[in-house]
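Values in this document were obtained by computation on a predicted structure and should not be read as measured data. We count ligands from 1, going down the list as the structure has it; atoms in each ligand are counted the same way.
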Amino acid sequence: MSVTWALPFDQKINPKLNSNRLVSINTYKEIHSQTVKDYKQFWASVASEIDWFKPWEKTLDDSNPPFYKWFVGGELNASYLTVDRHVKSWRKNKVAIIWEGEPVDEKGNPKEVRKLTYYDLYREVNRVAYLLKEKYGLKKGDAIAIYLPMIPELPIFMLAAARIGVVFTVVFSGFSADALANRINDAEAKLLITADGGWRRGKVVDLKGIVDKALEKTPTIKDVIVVRRIGNKVNMVEGRDKYFDEVIKDIPQNVYVEPERMKSEDPLYILYTSGTTGKPKGIVHDIGGYMTLLHATMKWVFDIRDDDIYWCTADIGWVTGHSYIVFGPLMEGATEIMYEGALDYPQPDRWVSIIERYGITILYTSPTAIRSFMKYGDNWVKAHITSTVRLMHSVGEPINPEAWEWLWKLVGREEVPFGSTWWMTETGGILISHLPGLYLVPMKPGTNGPPILGIEPDVINEDGKQVNLEERGYLVIKNPWPGMPLTIYKDPERYVKVYWSRFPGMFYVGDYAVKDKDGYFWILGRADEVIKVAGHRLGTYELESALIEHPAVAEAAVIGVPDPVKGEVPYAFVILRQGYTPNTQLSQEILKTVRDKVGPIATIDKILFVGKLPKTRSGKIMRRVVRAVATRAEVGDITTLEDEASVEEIKKALEEFK
Ligand code: WT7
């Protein structure tokens with residue numbers, strides 16, 4: 001496949017950006033190639049910009065690949081870096097987080113806004129660290145799970161855990177009881193932090209109800225802390241569940257908990273993410289490498305400064321929020337917005353009203369969000385002042401040029417730097433992106449831009465050979481990088497197999513990509529059985545496993561089909577067991593099973609009943625063929641197909657659905 005690209009955009013540039021940062025791609029390539037050649041030395045110089053309790057002895061321990069260890073011998077603490085450091089500086093009473101709740105009054109103004117300074121955050125983090133350590137007896141190396149909505153207690157608990165060396169796993173509040181239980185069990189979490197509910201589009205999400213169901217099968221959980229967010233009555237289990245306000249109230253405002261001296265390669269958190277097969281993988285991130293990459297990217301990609309008002313619209317339940325709401329911006333002493341709810345609630349202009357209300361200067365959002373705003377029309381945007389915005393990026397899925405241009409014109413005034421940052425849960429932070437805080441090469445609508453400094457991605461074919469420029473291939477990363485995973489939790493073999501075995505010595509990403517003649521990367525989407533629905537990463541295998549839990553379902557194949565707003569949506573092709581006939585009620589029931597097993601984020605767009613599915617002679621479902629038929633693409637080689645009539649079945653089911 002070869003692709004032709006739009007011409008480089010004529011670069012008008014934000015006057016606030018130093019014009020000497022505008023460089024040609026050739027200049028950037030030269031600088032980049034130097035940093036890649038001496039990548040260990042380069043990253044060591046970046047790491048020396050953050051505060052270490054003890055400097056490292058070895059920049060990279062690569063004696064046991066792919067279990068690389070960065071900055072070995074070094075000691076630091078992520079909570080110290082994000083709060084203590086600022087409290088010792090003039091930033092002490094600088095606002096760290098402006099939190100806006102979802103509910104609005106009759107005039108449309110937010111009912112609740114909380115502002116936490118760095119000193120407030122420091123005091124709260126210390127109190128919670130004290131609570132976890134002294135009242136709940138947690139110690140370094142223990143694990144806890146956090147299932148909270150977007151409220152300030154979420155980052156506070158994360159930072160408190162990091163302070164005492166307790167590994168945390170945050171479970172996105174859109175996951176179901178089963179998904180929550182599986183993550184708790186895998187992580188062997190001792191304590192769970194949740195809330196009496198969360199606001200989403202004006203409705204209460206019953207988090208505590210979901211927790212109670214999950215905890216029926218989680219033997220390791222001894223205690224639950226419930227944050228009061230809604231103020232409704234929830235079931236509290238005697239001896240197990242306690243309200244946060246009640247357990248925290250006796251802890252003095254001024255307690256100080258010494259931050260643990262953590263080793264650079266100690267784990268900071270586990271975050272579960274979907275893969276091709278099997279249960280979600282617990283990606284484990286370290287501290288030293290991870291914080292180094294976040295420091296670099298906050299500066300280079302976001303150009304973060306003290307007078308900025310930064311807003312990342314993601315949920316902290318995903319890696320974007322971990323890195324670019326919690327650890328990254330707070331480490332840099334930024335002032336940021338944390339918004340609780342839906343970006344278009346109660347009206348399509350909620351997001352622009354937030355930009356206006358706080359004078360946002362840096363915006364980090366997703367293609368799905370942009371496309372949904374686009375659908376509502378320009379007037380919602382034009383009714384607000386957005387000229388404070390000086391820099392924007394998107395993340396999560398490929399951005400189509402139309403969406404890019406729409407936001408760049410309307411909010412970006414055709415002048416601000418605006419990129420599409422490529423990375424993933426596993427990479428810890430951004431690896432391919434424009435770097436307007438350092439050097440800015442010309443933008444092109446839809447591209448991810450060049451790799452950041454010190455990172456060497458490439459596009460290769462099936463045989464591991466570099467493909468020609470403008471040709472599609474597999475994205476790989478050729479050198480270890482700070483922020484890379486330590487392992488998959490409790491499954492190092494799987495870590496080796498999934499990421500490091502397909503192309504020996506290279507990190508296999510799982511995305512298709514193209515490198516253009518300027519050396520810009522264009523990530524085209526997943527090359528495996530993972531789909532991105534509204535930017536959320538879902539394994540088709542997980543959805544299929546949930547589908548066959550329904551008694552009527554004999555077999556199922558899930559594929560991602562392009563969608564104008566969500567990027568992709570899941571279609572499920574289902575074979576029913578004998579004695580069941582397809583009907584709407586049955587479809588609804590099956591959909592409910594999937595929601596219950598995985599969560600509301602796993603909403604299947606269409607269920608299509610078929611009599612057969614395309615399979616190989618050995619009985620493996622050929623999703624590739626299903627996808628090709630559903631998207632009217634070339635079906636390709638079907639010589640291994642066991643029964644060609646199955647292709648007709650898929651076509652028929654799609655026809656009938658219309
Ligand atoms: C997958 C990783 C990165 C944090 C949020 C997602 C896709 C991500 C882009 C982008 C094209 C992108 C890839 C990747 N992706 N950013 N800017 N352009 N594709 O993290 O849930 O681990 O998903 O998201 O397919 O593999 P994640």
Side-chain angles (χ1 to χ4, degrees), residues 170-172 174-175 269-276 280-285 290 293-294 297 301 312-328 364-371 392-401 403-404 407 418-434 443-452 457 459 472 474-477 483-485 488 498-499 507-515 520-540 542 560 562 566-568 601-602:
V170 177
V171 181
F172 174 60
F175 277 119
Y269 63 77
I270 307 170
L271 185 57
Y272 288 85
T273 189
S274 299
T276 309
K281 303 170 281 197
I283 300 299
V284 189
H285 279 297
Y290 179 72
L293 179 62
L294 296 188
T297 49
V301 177
C312 166
T313 68
D315 191 293
I316 293 174
W318 307 106
V319 76
T320 309
H322 280 60
S323 297
Y324 295 107
I325 298 178
V326 183
F327 292 103
Y364 195 25
T365 192
S366 72
T368 292
I370 298 167
R371 288 188 296 256
M392 308 189 289
H393 286 294
S394 102
V395 65
E397 35 171 337
I399 187 162
N400 48 315
W404 187 94
L407 195 70
F418 179 20
S420 169
T421 63
W422 177 88
W423 59 296
M424 61 201 303
T425 306
E426 292 84 340
T427 65
I430 296 164
L431 297 192
I432 303 178
S433 172
H434 287 286
M443 298 185 281
K444 306 180 194 183
T447 187
N448 298 100
I452 69 165
V459 184
R472 186 179 88 159
Y474 300 105
L475 183 66
V476 290
I477 301 160
M484 69 193 306
I488 292 178
V498 174
Y499 302 107
F507 181 87
Y508 175 66
V509 162
D511 279 337
Y512 283 127
V514 164
K515 195 162 130 177
Y520 287 35
F521 285 77
W522 299 70
I523 314 305
L524 307 172
R526 298 290 309 185
D528 56 9
E529 304 303 340
V530 168
I531 55 177
K532 300 279 329 217
V533 182
H536 298 156
R537 179 165 163 186
L538 292 170
T540 52
E542 274 168 275
K566 293 182 174 175
E568 273 185 298
I601 51 151

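- Checked against a 3.5 angstrom limit, the closest N/O atoms of Gly396 and ligand 1 fall inside it.
- Ranking protein heavy atoms by distance to atom 25 (O) of ligand 1, first place goes to Asp511 OD1, 2.7 Å.
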Would you check, one step at a time, whether the test side-chain contact (heavy atoms from CB on, under 4.5 Å) holds for Val319 with Tyr269?
CA-CA 11 Å; Val319 76; Tyr269 63 77; 3.8 Å; yes
Go through Ser323 and Tyr290 one step at a time and tell me if the side chain to side chain donor-acceptor pair (under 3.5 Å) criterion holds.
CA-CA 9 Å; Ser323 297; Tyr290 179 72; 2.7 Å; yes
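- Contacts with ligand 1 closer than 4.0 Å are made by backbone heavy atoms (N, CA, C, O) of Thr421 only, the side chain lying farther away.
- When the shell of 6.0 Å around NZ of Lys566 is examined, it contains 12 or fewer heavy atoms from other residues, nucleotides or ligands.
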Which is it for Asn448 and Tyr520 under the side-chain contact (heavy atoms from CB on, under 4.5 Å) test, yes or no, and what are the steps along the way?
CA-CA 7 Å; Asn448 298 100; Tyr520 287 35; over 6 Å; no
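- Residue, atom and distance of the protein heavy atom nearest to atom 2 (C) of ligand 1 are Met424 CB, 3.4 Å.
- Using cut-offs of 30° and 60° for the angle between ring planes, the Phe418 and Trp404 rings count as parallel.
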For Thr273 and Glu426: C-alpha separation, side-chain torsions, deciding distance, then whether side chain to side chain donor-acceptor pair (under 3.5 Å) applies.
CA-CA 9 Å; Thr273 189; Glu426 292 84 340; 5.1 Å; no
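- The ligand atoms of ligand 1 that sit less than 4.0 angstrom from a heavy atom of Pro398 are 11 (C), 18 (N), 19 (N).
- Rounded to the nearest 0.5 angstrom, Lys281 NZ and Ile488 CD1 are separated by 5.5 Å.
- At a 4.0 Å heavy-atom cut-off, ligand 1 touches Glu397 through the backbone alone.
- Here the protein heavy atom with the shortest distance to atom 3 (C) of ligand 1 is Trp423 O, 3.0 Å.
- For ligand 1, the atoms lying closer than 4.0 Å to a non-hydrogen atom of Val395 are 3 (C), 4 (C), 16 (N).
- Looking from atom 5 (C) of ligand 1 to the surrounding protein, the closest heavy atom is Thr320 OG1, 3.2 Å.
- Only the side chain of Asn448 comes within contact range of ligand 1, with a heavy atom under 4.0 Å; no backbone atom does.
- Residue Asp511 forms a salt bridge (Lys or Arg N to Asp or Glu O under 4.0 Å) with just one option from Arg537, Lys532, Arg526, Arg472, and that option is Arg526.
- Close N/O approach between Thr273 and ligand 1 is not found [any backbone or side-chain N/O within under 3.5 Å].
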CA sep, side-chain torsions, deciding dist, call: Thr320, Tyr364, side chain to side chain donor-acceptor pair (under 3.5 Å):
CA-CA 10 Å; Thr320 309; Tyr364 195 25; 5.7 Å; no
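- Residue nearest to atom 6 (C) of ligand 1, selected from Lys532, His393, Arg537: Lys532 (by heavy-atom distance).
- Note: an N/O pair closer than 3.5 Å links Ser420 and ligand 1 by distance alone.
- Applying the 4.0 Å criterion to heavy atoms of Val319 picks out, from ligand 1, the atoms 4 (C).
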